[in-house]
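To start, the structure itself, in structure tokens.
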Amino acid sequence: MNVLLIGSGGREHALAWKIAQSSLLDELYVSPGNPGMQRHGRRVELDLGDQRALRTFLLEKRIRIVVVGPEGPLVDGLHDRIADDPQLAGKVTVIGPRRQGAQLEGSKEFAKEFMFRHNIPTAAFRAFTKDQLKEAVDHVGRMAPPFVIKADGLAGGKGVVITSDRKEAAAVLKDMLSAGRFGEAGERVVIEQFLEGIEVSAFLITDGESFKMLPAAKDYKRIGEGDTGPNTGGMGAISPVPFADKDFMQKVHDRVAAPTIRGLREEGIPYQGFLFMGLMNVGGEPYVIEYNVRLGDPETEAILPRLRSDLLDLFEGIATGTLSERHVDVDDRTAATVVLASEGYPEKVRKGLPIAGADMVSEAYVFHAGTTMKGDELITDGGRVMVLTAFGKDLEQAMANVYRSVPLVAFDGKYFRRDIGRDLVRAPQKA
Ligand code: AMP
Ligand code: GLY
């Protein structure tokens with residue numbers, strides 16, 4: 001079958017690499033892709049907003065499956081535009097939900113209300129609109145700190161402020177609700193109870209009827225070692241996660257994943273593709289911090305190497321509503337993933353710097369994120385530049401293996417965290 005993959009980051013490179021291994025694949029196209037993905041598929045430049053051009057491409061290339069890496073096109077209704085196009089209907093399966101299902105990520109308030117309707121554990125919350133600034137500030141006045149304030153819409157991972165300072169909380173609310181910080185995304189805010197615990201990213205794949213859990217991962221979100229400094233898209237990941245043991249993952253399955261898929265079905269919200277459950281482990285109990293309607297980045301670079309099953313076989317299960325008959329087979333080894341970022345990330349970075357040595361890496365997978373070509377030269381083109389993943393029989397080995405490859409890749413201002421996985425090396429494992 002022919003496949004079109006949308007996106008250009010490390011997550012999409014890992015998806016392209018995995019899809020290219022499938023015996024079911026004829027042609028893979030990636031749009032816009034990156035130089036690393038070129039090895040696995042043909043790069044094309046599609047304007048997703050141009051329905052005619054998109055339709056023509058899908059028909060001419062006989063695309064069966066469209067895999068959407070990032071959330072943006074899903075929240076914007078790309079799935080609906082493909083599925084509802086009379087010439088495409090029934091011919092093309094989109095891996096990723098329709099606009100309605102994408103609201104699980106696109107609106108925090110929608111997600112929170114959904115969780116409450118279906119008894120899915122999550123922090124208590126209240127939502128406020130633009131004309132309720134006073135109520136929102138009064139609410140914070142009555143709450144115990146710390147305060148968790150979130151812009152309702154998509155804000156590129158930057159729409160969350162956690163503070164114990166009431167004055168700062170009031171200023172943030174004012175900023176979001178009346179001063180237009182985060183634009184439309186911040187015209188509604190959600191104020192949540194603070195959850196104390198350790199985070200873990202859990203994933204499933206679903207055809208809307210049944211679902212399969214995928215390996216879980218831990219993401220290292222802060223820029224600085226020891227989890228300090230500003231939040232980023234993610235600086236590294238490990239999978240599996242020692243504290244997300246069998247017992248915990250069973251709770252995730254029973255209390256979060258199953259009621260979510262059942263809830264979507266009961267509400268008549270079609271959903272197919274991946275679901276990312278951002279969880280807090282609070283004393284061994286999973287609470288949902290957020291849903292994402294896509295895979296995580298860099299979690300994908302850690303979990304896809306561990307997936308032994310053919311990804312296109314799972315996608316075919318979605319296309320035909322037979323996911324329940326497919327198998328998810330996972331490698332027991334540990335994967336450790338380290339992001340090589342540009343100096344200055346997550347703020348302003350310099351681009352266009354030559355990258356050397358990526359070809360020298362032989363003991364780790366190399367996934368491109370922010371790279372581009374200038375003539376024959378590979379250069380940096382973003383905050384997160386490259387992502388390396390290595391296996392080990394345990395976490396310590398995986399870390400040692402990936403960190404041996406990190407020095408081989410060189411560019412000016414290369415920055416990476418040296419402590420990915422370190423907090424969990426001797427984490428006690430429940431029997
Ligand atoms: P979100 O964009 O909702 O994932 O939030 C960004 C980050 O803020 C999360 O990854 C958590 O580290 C933190 N966070 C969000 N909600 C809460 C909460 N209710 N309690 C504690 N930390 C939270
Ligand atoms: N690494 C977190 C995310 O993809 O949202």
Side-chain angles (χ1 to χ4, degrees), residues 7 9-12 14-15 68-72 74-75 104-112 115 121-127 143-164 169 172 176 182 185-186 189-203 214 216-223 227-239 241 274-283 285-304 337-339 341 345-346 367 369 383-384 387 417 420:
R11 166 182 52 211
E12 287 78 19
L15 279 163
V68 186
E71 68 280 8
L74 297 167
V75 174
L104 282 181
E105 176 165 1
S107 165
K108 304 234 183 242
E109 187 182 357
F110 175 89
K112 294 296 280 189
M115 288 185 258
T122 187
F125 82 108
R126 277 195 58 188
M143 271 175 81
F147 313 107
V148 181
I149 303 171
K150 301 183 175 183
D152 181 62
L154 293 182
K158 300 202 172 79
V160 179
V161 176
I162 300 178
T163 176
S164 290
V172 166
M176 285 191 188
F182 303 116
V189 301
V190 164
I191 304 179
E192 286 187 12
Q193 164 202 11
F194 180 79
L195 297 173
E196 181 91 57
I198 178 160
E199 287 182 64
V200 54
S201 306
F203 301 92
L214 297 172
K218 180 167 192 297
D219 176 21
Y220 290 78
K221 286 207 171 85
R222 303 296 197 91
I223 188 72
D227 292 329
T228 52
N231 257 322
T232 70
M235 293 301 294
I238 57 134
S239 175
V241 184
F274 297 105
L275 182 71
F276 170 161
M277 296 157 280
L279 305 172
M280 191 72 89
N281 177 337
V282 183
E285 306 299 316
Y287 283 77
V288 179
I289 293 174
E290 62 166 355
Y291 289 114
N292 295 306
V293 298
R294 51 169 173 85
L295 288 175
D297 196 349
E299 290 96 325
T300 304
E301 294 93 305
I303 68 173
L304 286 188
T337 298
V338 175
V339 173
Y345 179 71
F367 299 115
R384 292 189 290 179
V387 184
R417 275 183 60 168
I420 301 303

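Indexing begins at 1, ligand by ligand and atom by atom, following the structure's order.
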Winner among Val288, Asn292, Ile162, Val161 once heavy atoms are compared against atom 22 (N) of ligand 1 | Ile162
Where the closest heavy atom to atom 11 (C) of ligand 1 is concerned, which of Arg222, Glu192, Glu199 has it?
-> Glu199
Can you list the residues that meet the side chain to side chain contact (heavy atoms under 4.5 Å, CB included) rule with Glu290, with sequence neighbours excluded?
-> Lys108, Asn292
Passes side-chain contact (heavy atoms from CB on, under 4.5 Å), Val172 versus Phe147? Steps please.
-> CA-CA 11 Å; Val172 166; Phe147 313 107; over 6 Å; no
Suppose I only count heavy atoms of [X] and a 4.0 Å limit; which atoms of ligand 1 are within that range?
| X | result |
| --- | --- |
| Gln193 | 18 (C), 19 (N), 20 (N) |
| Lys221 | 10 (O) |
| Met280 | 21 (C), 22 (N) |
| Glu290 | 1 (P), 2 (O), 3 (O), 4 (O) |
| Ile289 | 3 (O), 4 (O), 15 (C), 16 (N) |
| Lys108 | 1 (P), 2 (O), 3 (O) |

Considering all heavy atoms of both residues, which atom of Gly10 and which atom of Asp297 are nearest to each other, and what is their separation?
-> N-OD2, 3.6 Å
Give the minimum heavy-atom separation between Ala123 and Glu192, together with the two atoms involved.
-> CB-OE1, 3.8 Å
Measuring from atom [atom1] of [X] to atom [atom2] of [Y], what distance do you get when rounded to the nearest 0.5 angstrom?
| X | Y | atom1 | atom2 | answer |
| --- | --- | --- | --- | --- |
| Glu299 | Lys218 | CD | NZ | 10.5 Å |
| Tyr220 | Ile238 | OH | CD1 | 4.5 Å |
| Thr300 | Glu12 | OG1 | CD | 8.0 Å |

Is a side-chain donor or acceptor of Ser239 paired with a backbone partner of Ala216 at a separation under 3.5 angstrom?
-> yes
Any donor-acceptor N/O pair, Arg417 side chain to Arg222 backbone, under 3.5 Å | yes
With Glu301, the side chain to side chain contact (heavy atoms under 4.5 Å, CB included) member among Thr337, Val338, Leu15 = Thr337
Tabulate distances under 3.5 Å between N/O atoms of ligand 2 and N/O atoms of the protein, writing both atom names on each line.
| unit_1 | atom_1 | unit_2 | atom_2 | d |
| --- | --- | --- | --- | --- |
| ligand 2 | 1 (N) | Asp219 | OD2 | 2.8 |
| ligand 2 | 1 (N) | Gly233 | O | 3.1 |
| ligand 2 | 1 (N) | Asp297 | O | 2.8 |
| ligand 2 | 1 (N) | Glu299 | OE1 | 2.8 |
| ligand 2 | 1 (N) | Glu299 | OE2 | 3.4 |
| ligand 2 | 4 (O) | Arg294 | NH1 | 3.0 |
| ligand 2 | 4 (O) | Asp297 | N | 2.9 |
| ligand 2 | 5 (O) | Arg294 | NH1 | 3.3 |
| ligand 2 | 5 (O) | Arg294 | NH2 | 3.0 |

Please state which part of Glu196 comes within less than 4.0 Å of ligand 1, counting heavy atoms only: side chain, backbone, both or neither.
-> neither
So with a 6.0 Å cut-off around OH of Tyr287, is the heavy-atom count from everything else above 12?
-> no
N/O to N/O below 3.5 Å, does that happen between Lys150 and ligand 1?
-> yes
Decide whether an N or O pair under 3.5 Å exists between Leu195 and ligand 1.
-> yes
